[in-house]
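In what follows, every chain begins at residue 1, and chains take the letters A, B, ... in the order their sequences are listed. The figures here come from the full heavy-atom set of this structure, side chains too, leaving out hydrogens, waters and symmetry mates.
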Amino acid sequence: MAERKTLDERQQMSEAERLRHSCAHVLATAILRLWPDAQLAYGPAVEEGYYYDLDLKHRITPDDFPKIEAEMKKITKENLVFEKVTVTREQALRDAETGRLGALTERPEPSRFKLENVRSIPEGEAITYYKSGDFLDLCAGPHVMRTGNIGAFKLTSVASAYYKGDEKNPQLQRIYGVAFKNKTQLEEWEKMQEEAKRRDHRKLGAEMGLFALDAEYVGPGLALWLPAGGAIIEELETLAKQTEFQAGYVRVKTPHIARKLMYETSGHLPYYADSMFPPMVVRENTTADRFLSENIEVAEESLTMLRDGLVKAGFLLSPDEVRNNPGLLRDALARISSLRMEGDVGEVIKQNALYALQSELRATYAGEPNYYYLKAMNCPHHHRIFSAQPRSYRDMPLRLAEYGCCYRYEQSGELFGLMRVRSLNMNDSHIYCSPEQFAQEFNAVNEMYLKYFKIFGIEKYVMRFSTHSKEGLGKKYVDQADLWVKTEDMVRRVLKESGINYEEVPNEAAFYGPKIDVQVWSVIGREFTLATNQVDFAVPGRFGLVYRDKDNSDKTPLCIHRAPLGTHERFVGFLIEHYAGNFPLWLAPEQVRVLPITQEQIAYCEEIVKELRGQYVRASMEFSNDKLQGRIKRAEEAKAHTMLIVGGRDQAANAVSVRVHGKGDLGSKPRAEVIADILAAIRERRP
RNA sequence: GCCGGGAUAGCUCAACGGUAGAGCACCUGAUUUGUAAUCAGGUGGUUGAGGGUUCAAAUCCCUUUCCCGGCUCCA
């Protein structure tokens, strides 16, 4: 549940929000006319429209929408006035008790959510109703004047939502809708929805052959990059590698798994075990394991001897004797293997004895198995790289960079195309520095973000500065109160001094320190955390990382975790929607498609392709039985960035006709000039 | 993980208790083309999986996997 809004804040609702919120009341009225016993909870305006949460025995499905919408239509036609009524607390409680609140009439059952809402209103705050026709709702408003002001609306979906957003509360039915001043705006919205569907990265990703999600064989949330998508991530990696190289980073490479000790040390296991894949249990091939697997039948048989006490010697062998001469025990067991137990009792004894023997052998020889975890983050591996060599203050700042593949066990219901996956290729780096170097390093990271945003034309973004909360210390956050405050001050200062636009969000930090998340919006309105930049004052200490300072003392470095391009998965997902699949030349999976008009030009076209590919341009020639128009249509549909069309006239003039995806025919130009321009556009990463 | 809705050819969809079909894609052939669809033919399916009801199941029922819309979560 969001923070309770003050009355003043509520009054600041925009015109559109007032309209949406009013439509929520109209929706509620319609529901009550159809199902008078509905228990209403909340009906706020949200970014796109509005919803109303309610509890109702009847399960509302989209099939009910026409019926509800028809009723809503009647209500807007009735043009009811939204009338504000101020009441006393006692009156409000009474109306909730009699079921009148959030209803059309008094009802046998109290309006239980409204009752709770009344009770949660702070003493002294005015309590108001809004009344439209018979519908009376506890509501701070504001509203439009009349229901008739709502010119157009539509119910969009029905879902469930936890009461007050708490997983432990029961789920209510939530009906979503949109509302507009007039029909034209509704139509515009519908058009936008169509456009959004068209741009959906899942749809474009399949159409363009960028990636595949093979849940059956690979697993849900584990993306396969197809060659076209692979081309994009190669470009992104090149961009990152070049940028990081120039910024003084060094590249490392680490395995995808690590032993349990790693994550016990990092603190991830206690804090984030749930979002890691369960461990692989690896039992090394010890003497006891080998023995058991080779002699399991003999061992079983031999247990009969326990009862008869015949071959105690087999168990009295010392571990060393067995280890040095496994044949001894085997022989002993073999000798008594002819003995057999009869009946149920014998079977039970045998089973117990087998278990005892196995445990004994395991405890003696095998010890604890090894647990390996798929890494959910790269930092621990990088910390171990830090400690793999002695470090001096002269080495600092040390910027270790890697495109590391991490695995996170996201909840099944959370997976979403490429945006939320279980294997992530992170544009990761850890910067180890001294407190004195921190401001400059942190600033440089932020600058790098801005540089990237410019390349991709990302204009709308917010840096969210997430800080800790005192209550979370020792639970959600490492229990080092003074370091939290100190580090957060440090970050805040850098942000203020650099003049970067940011907003502070309490109680959202990483467990080891404050972080900055970069929120962006794709053109179709989807919001993402694209990149992240975190300060870690805790984990380097847990790993005992130190560098030798000028004064010959060992100091623990600060660590900045940063991932300006986030993960390949989310970033490419974002880019697909951002560009609607129409990537700039440098990113386009298919950069150049050369189309000879007749067979006569094939040799000439092959030469052009060869020249382009020699310069690492993703170019190919396409000649088929189709007419030119058809081939152009297919090239456009495939979103090939640049088409070079070559007919007899072009070849005679050593020229090519250029057509750019979405821009149409640009005319015939000298071949050398065209190729030079293509190379320049790629090199400069022109938008 | 929770609530709800889905899953038919590579893609978009049809058949809604009675012989699984169309367009595009793909393959073959003809056509050699000047800027968003040349023509003809052909291949393609255990209807997500498993069970049940029925003379008969893509269709009805149950289980399960996955996907979608939300919620919760998100280092």
Side-chain angles (χ1 to χ4, degrees), chain A residues 46 51 53 59-63 156-176 200 202-203 206-207 209 212-217 219-221 263 266-268 271-272 274-276 375-380 406 408-417 419-421 424 426 428 466 476-477 508-513 515 517 528-529 532 534 536 539 561 563 570 595-602 623-638 643-650 657-668:
Chain A
V46 289
Y51 65 79
D53 278 352
R59 284 247 157 247
I60 293 172
T61 71
D63 295 340
T156 53
S157 65
V158 54
S160 81
Y162 296 106
Y163 178 51
K164 289 187 174 174
D166 190 333
E167 210 177 349
K168 289 174 206 90
N169 285 335
Q171 297 197 332
L172 304 177
Q173 302 193 55
R174 175 173 292 181
I175 302 168
Y176 283 91
D200 191 307
R202 292 165 298 189
K203 190 173 162 64
E207 282 171 5
L213 290 163
D214 179 357
E216 192 182 2
Y217 281 78
Y263 302 109
S266 70
H268 285 99
Y271 291 100
Y272 291 110
D274 283 354
S275 37
M276 291 177 77
K375 65 179 173 185
M377 65 300 295
N378 300 303
C379 27
C406 299
R408 297 182 183 178
Y409 194 70
E410 304 289 359
Q411 294 189 73
S412 60
E414 252 314 317
L415 300 174
F416 174 69
M419 301 303 188
R420 193 78 180 271
V421 288
L424 319 71
M426 295 181 73
D428 214 355
S466 301
K476 205 169 156 188
Y477 308 117
E508 290 289 333
F511 81 86
Y512 44 65
K515 64 174 180 178
D517 286 327
F528 310 88
T529 301
T532 178
Q534 310 174 353
D536 182 349
V539 185
H561 306 234
R570 188 170 285 186
L595 305 169
I597 292 176
T598 73
Q599 276 171 337
E600 302 301 311
Q601 293 87 43
I602 286 181
F623 183 73
S624 69
N625 292 335
D626 286 329
K627 279 177 70 178
L628 182 63
Q629 280 198 60
R631 287 154 60 202
I632 286 175
K633 177 166 171 30
R634 264 173 279 286
E636 288 282 356
E637 278 172 349
M643 284 148 271
L644 299 181
I645 293 148
V646 179
R649 295 199 293 274
D650 295 296
S657 290
V658 181
R659 181 188 173 102
V660 170
H661 171 58
K663 296 207 177 104
D665 186 4
L666 302 183
S668 185

Euclidean distance, atom [atom1] of residue [X] to atom [atom2] of [N] [Å, nearest integer]:
X	N	atom1	atom2	answer
A:Q411	B:C74	CD	P	9 Å
A:D53	B:C2	CG	P	20 Å
A:L595	B:U35	CG	P	13 Å
A:I597	B:U38	CD1	C1'	16 Å
A:R659	B:G34	CZ	C1'	11 Å
A:Y163	B:C71	OH	P	18 Å

Among the nucleotides [options], which one has an atom lying closest to any side-chain atom of [X]?
X	options	result
A:K627	B:G1, B:A37, B:U33	B:U33
A:N625	B:U35, B:C71, B:U32	B:U32
A:K633	B:U35, B:A36, B:C71	B:A36
A:E636	B:A36, B:U32, B:C71	B:A36
A:R649	B:C71, B:G34, B:C66	B:G34

Under 3.5 Å donor-acceptor pair, [X] side-chain atoms to [N] base atoms:
X	N	value
A:R408	B:C74	no
A:D665	B:G34	no
A:Q171	B:C71	no
A:Q629	B:U35	no

ask   = Hey, what's the ring geometry for A:F511 with A:Y272, parallel, tilted or perpendicular (30° and 60° as the breaks)?
value =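 Plane angle between 30° and 60°, so tilted.
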
Please tabulate the protein-to-nucleotide N/O contacts below 3.5 Å involving nucleotides 4-9 of chain B, giving atom names and distances.
none

In the strands shown, is [N] matched to any nucleotide by a Watson-Crick or G-U wobble pair with both distances under 3.5 Å, and which?
N	result
B:C24	B:G10
B:G44	none
B:G4	B:C68
B:C73	none
B:A49	B:U63
B:C16	none
B:G29	B:C39

Checking all strands, does A:A376 fall into the base, sugar-phosphate, or nothing category for heavy-atom contacts under 4.0 angstrom?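 Touches a base.
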
TODO: Would you classify A:D650 as touching base, sugar-phosphate or nothing, given that sugar-phosphate means primed atoms plus P, OP1 and OP2, and contacts are heavy atoms under 4.0 Å?
DONE: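 Base contact - A:D650 has a heavy atom under 4.0 Å of at least one base atom.
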
* Is it true that A:R634 and A:D626 make a salt bridge, defined as a side-chain N closer than 4.0 Å to a carboxylate O? ->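 Judged by the 4.0 Å cut-off on N to carboxylate O distance, A:R634 and A:D626 do form a salt bridge.
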
Of A:I632, A:L666, A:L595, the one forming a side chain to side chain contact (heavy atoms under 4.5 Å, CB included) with A:R659 is A:I632

Contact summary for A:A510 and A:Y477, nearest pair of heavy atoms: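 In terms of heavy atoms, the two residues are closest at O-CD2, 3.5 Å.
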
Are any of [X]'s side-chain N or O atoms less than 4.0 Å away from OP1 or OP2 of [N]?
X	N	result
A:S412	B:G1	yes
A:R202	B:G69	yes
A:Y51	B:G69	no
A:R634	B:A36	no

Inset, instruction - Please state the P separation for the pair B:A7 and B:C62 - nearest whole angstrom. - result: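 B:A7 and B:C62 have their P atoms separated by 15 Å.
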
